[in-house]
Amino acid sequence: QVQLLESGGGLVQAAGSLRLSCVASARTFSDYTMSWFRQAPGKEREFVTAVTSNGDNTLYADSVKGRFTISRDNAKNTVYLQMNSLKPEDTGVYYCAAGLKRAAVLLRTRLFYDYWGQGTQVTVSS
């Protein structure tokens with residue numbers, strides 16, 4: 001019942017920046033934990049970052065700490081991913097996901113999330 005739509009992907013040079021957006025159709029967007037995953041060609045989908053429903057807590061994969069920032073605007077039903085100092089290894093399809101579980105220990109796993117967007121392509125050239 002929840003639809004997620006990512007946007008903002010594109011082609012960027014190494015060391016450049018990009019901002020992704022994810023708009024949700026959920027009537028109760030503020031109840032959801034939101035996250036970003038990514039999948040490079042030939043690799044499994046991996047956790048990138050997550051933010052809790054009230055924005056108090058954020059989690060980041062070690063590979064993006066200090067470079068990526070997740071944020072949300074509940075009034076706009078939107079979650080953002082600001083990506084700075086991009087590297088070629090950041091290339092992949094980025095997916096937005098939403099979940100309602102209380103098990104915070106699972107936030108980094110795909111099991112936590114019930115709804116997924118179709119993804120937006122990010123390509124970083126060297």
Residue pairs meeting ring-ring contact (aromatic ring centres under 6.0 Å, His included), one or both in residues 74-100, sequence neighbours left out, come to none
Applying salt bridge (charged side-chain N to carboxylate O under 4.0 Å, His left out), name anything that partners Lys65, two or more places apart in sequence or on another chain.
Asp62
Hey, can you pull the donor-acceptor pairs under 3.5 Å for the side chains in residues 2-16, sequence neighbours left out?
residue, atom, partner, partner atom, Å
Glu6, OE1, Gln118, N, 3.2
Glu6, OE1, Gly119, N, 2.9
Glu6, OE2, Cys96, N, 2.8
Glu6, OE2, Gly119, N, 3.2

Tracing side-chain contacts under 4.5 Å among Ile, Leu, Val, Met, Phe, Trp and Tyr outward from Val23 reaches none
Minimum heavy-atom separation for Thr33 and Phe112, please, with both atom names.
CB-CE2, 3.6 Å
Scan for ring-ring contact (aromatic ring centres under 6.0 Å, His included) pairs involving residues 45-72, sequence neighbours excluded, and state none if there are none.
Phe37-Phe47
What pairs with Gln121 under side chain to side chain donor-acceptor pair (under 3.5 Å), at least two apart in sequence or on another chain?
Thr123
Min side-chain heavy-atom separation Ser17-Gln82 under 4.5 Å:
yes
Report the residues that fulfil side chain to side chain donor-acceptor pair (under 3.5 Å) with Lys101, sequence neighbours left out, ordered by chain and then residue number.
Asp114
With a 4.5 Å heavy-atom cut-off, do Thr49 and Leu59 have their side chains touching?
no
May I ask you to test the Arg45-Arg110 pair for a side-chain heavy-atom distance under 4.5 Å?
yes
Shortest non-hydrogen contact from Asp90 toward Arg67:
OD2-NH1, 2.8 Å
Using the salt bridge (charged side-chain N to carboxylate O under 4.0 Å, His left out) rule, collect all pairs that involve residues 11-36, keeping only residues at least two apart or in two chains.
none
Contacts satisfying disulfide bond (SG atoms under 2.5 Å apart) that involve residues 24-59 (not counting sequence neighbours) are none
Mind checking the OG-CG spacing from Ser35 to Leu81? Nearest 0.5 Å is all I need.
10.5 Å
Separation of Asn84 CG from Leu18 CG (nearest 0.5 Å)
10.0 Å
With a 4.5 Å limit on heavy-atom distance, are the side chains of Leu107 and Tyr113 in contact?
yes
Scan for disulfide bond (SG atoms under 2.5 Å apart) pairs involving residues 51-81, sequence neighbours excluded, and state none if there are none.
none
Check Ala98 against Met34 and note the closest heavy-atom contact, atom names and distance.
CB-SD, 3.5 Å
Leu100, Trp116: one ILVMFWY side-chain cluster at the under-4.5 Å cut-off?
no
With Asn74 via side chain to side chain donor-acceptor pair (under 3.5 Å) - residues at least two apart:
Arg72
Should Val93 and Arg38 count as side-chain neighbours, where that means a heavy-atom distance under 4.5 Å?
no
Tell me every residue that passes side chain to side chain donor-acceptor pair (under 3.5 Å) with Thr52, counting only those two or more places apart in sequence or in another chain.
Asn54
